2 protein chains.
Amino acid sequence: MIFRLNQSSGIPLYLQLMEQVKHAVETGALREGDQLPTIRKVAEDLVMNPNTVVRAYRELEHEGVLELKHGSGAFIKESGGGRAGVIRKARAVVQSAVERLMLLGLTEDELRRAFENELAQARAKTAIGKSSRG
Amino acid sequence: MIFRLNQSSGIPLYLQLMEQVKHAVETGALREGDQLPTIRKVAEDLVMNPNTVVRAYRELEHEGVLELKHGSGAFIKESGGGRAGVIRKARAVVQSAVERLMLLGLTEDELRRAFENELAQARAKTAIGKSSRG
DNA sequence: CAATGTGTACTAGTCTATCGATACACTATA
DNA sequence: TATAGTGTATCGATAGACTAGTACACATTG
């Protein structure tokens, strides 16, 4: 597992790290039980402070993506039954929707707004309120 | 046009303002040429600094939602052909997609991620890159 | 021109997010 | 028990976001 950061993107380093771990999990590059690179190793490789890596790992733990074991390391956590499969299906749905939306000639911002609006609506109606898998 | 802010929501006041103006435009409560409430009036009504209102209005101008006329006021701008109608159609598409996704049991975060991923894909392939209508 | 209403520009304070330095505590291994 | 490898905790520096105070410039009306 190797990470690549864009120092000048304006996106916080710890978020970039989180993003890459999540992506690796979703694509299957990282599986349940796999150990992630050491905090110190990542920090060294990417020439950054260990604390920043800690932040990424801790948030990922809080989201239920991985588990930190004091003195041992960081490990990918079971995400609960064919979650990866579900996410793949979801992608298909989203993809077709996005395609149709682009045909309507919406800008990316408008598209995102429409999405967020719906999400807010849905949140109000249903019980998906709890964000993340905590 | 009356605005309502949530001081303790953690969401920046100027963003809340922007949100409400956009929503009013999308629902038709505000139409092309309509004058928005004065910067000072909004600031007074909501007990906040005029500069914060300015920020909201300026960003909306930058996004092409309204137009600021020095000495005259702020006015809703034509958004180009039946844009409102298009946006309404888009909403329907998004709504059905979101509903299906929720049935899959995705959390809000996962849903958002899937959406952003697709958006990034689409951006790479097509020419919708330019965000906002500027 | 005067008066009033409008947006604009400049400056500064405060708070938070982000990242870093460093020392501590747990675990595994021999 | 010693040692090396791992995550943890606490504090500080810095930059940027957000909001505010105040004075300026333009437009409209009479």
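This structure is a prediction, so every number in the text was calculated from the model and none was measured. Heavy atoms only: backbone and side chains are in, while hydrogens, waters and symmetry mates are out. Every chain is numbered from 1 and lettered A, B, ... according to where its sequence line falls, protein lines coming before strand lines.
We find that OH of Y14(B) is positioned 11 Å from C1' of dG16(D), with the value rounded to whole Å. Nucleotide dG5(C) holds its P atom 14 Å from the CD atom of Q35(B), rounded to whole Å. Nucleotide dT6(D) holds its C1' atom 8 Å from the CD1 atom of I39(A), rounded to whole Å. Distance, R58(A) CZ to dC19(C) P: 16 Å, rounded to whole Å. As rounded to whole Å, 14 Å separates atom P of dG7(C) from atom CG of N49(B). One can place CG of L68(B) at 14 Å from P of dA27(D), the figure rounded to the nearest angstrom. Between E59(B) atom CD and dT8(C) atom P there is a gap of 13 Å when expressed in whole angstrom units. Between the NZ atom of K41(A) and the P atom of dG5(D) there is a distance of 14 Å, rounded to whole Å.
Between the base of dA25(D) and the side chain of H70(B) there is a donor-acceptor pair shorter than 3.5 Å.
With salt bridges taken as basic N to acidic carboxylate O contacts below 4.0 Å, one links E108(A) and R112(A). Under 4.0 Å is where a charged nitrogen must lie from a carboxylate oxygen, and between R113(B) and E19(A) at least one such pair does.
Proximity note for T38(B) (side chain, C-beta onward) versus dT6(C), dG20(C), dT19(D): the nearest is dT6(C).
Between M48(A) and G71(A), the residue anchored nearer the 5' end of DNA chain C, judged by the nucleotide with its closest heavy atom, is M48(A).
V25(B) has its side chain out of reach of K22(B): every pair of non-hydrogen atoms, C-beta onward, lies at least 4.5 Å apart.
Note on R40(A): every side-chain N or O is 4.0 Å or more away from OP1 and OP2 of dT6(D). OP1 or OP2 of dA27(D) has not a single side-chain nitrogen or oxygen of S72(B) nearer than 4.0 Å.
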Taking only distance into account, with no hydrogens and no angle test, what donor-acceptor pairs under 3.5 Å do side-chain atoms of residues 32-41 of chain B form with protein atoms, sequence neighbours excluded?
{"residue": "D34(B)", "atom": "OD2", "partner": "R31(B)", "partner atom": "N", "Å": "2.8"}
{"residue": "Q35(B)", "atom": "NE2", "partner": "S72(B)", "partner atom": "O", "Å": "3.4"}
{"residue": "K41(B)", "atom": "NZ", "partner": "D45(B)", "partner atom": "OD2", "Å": "2.8"}

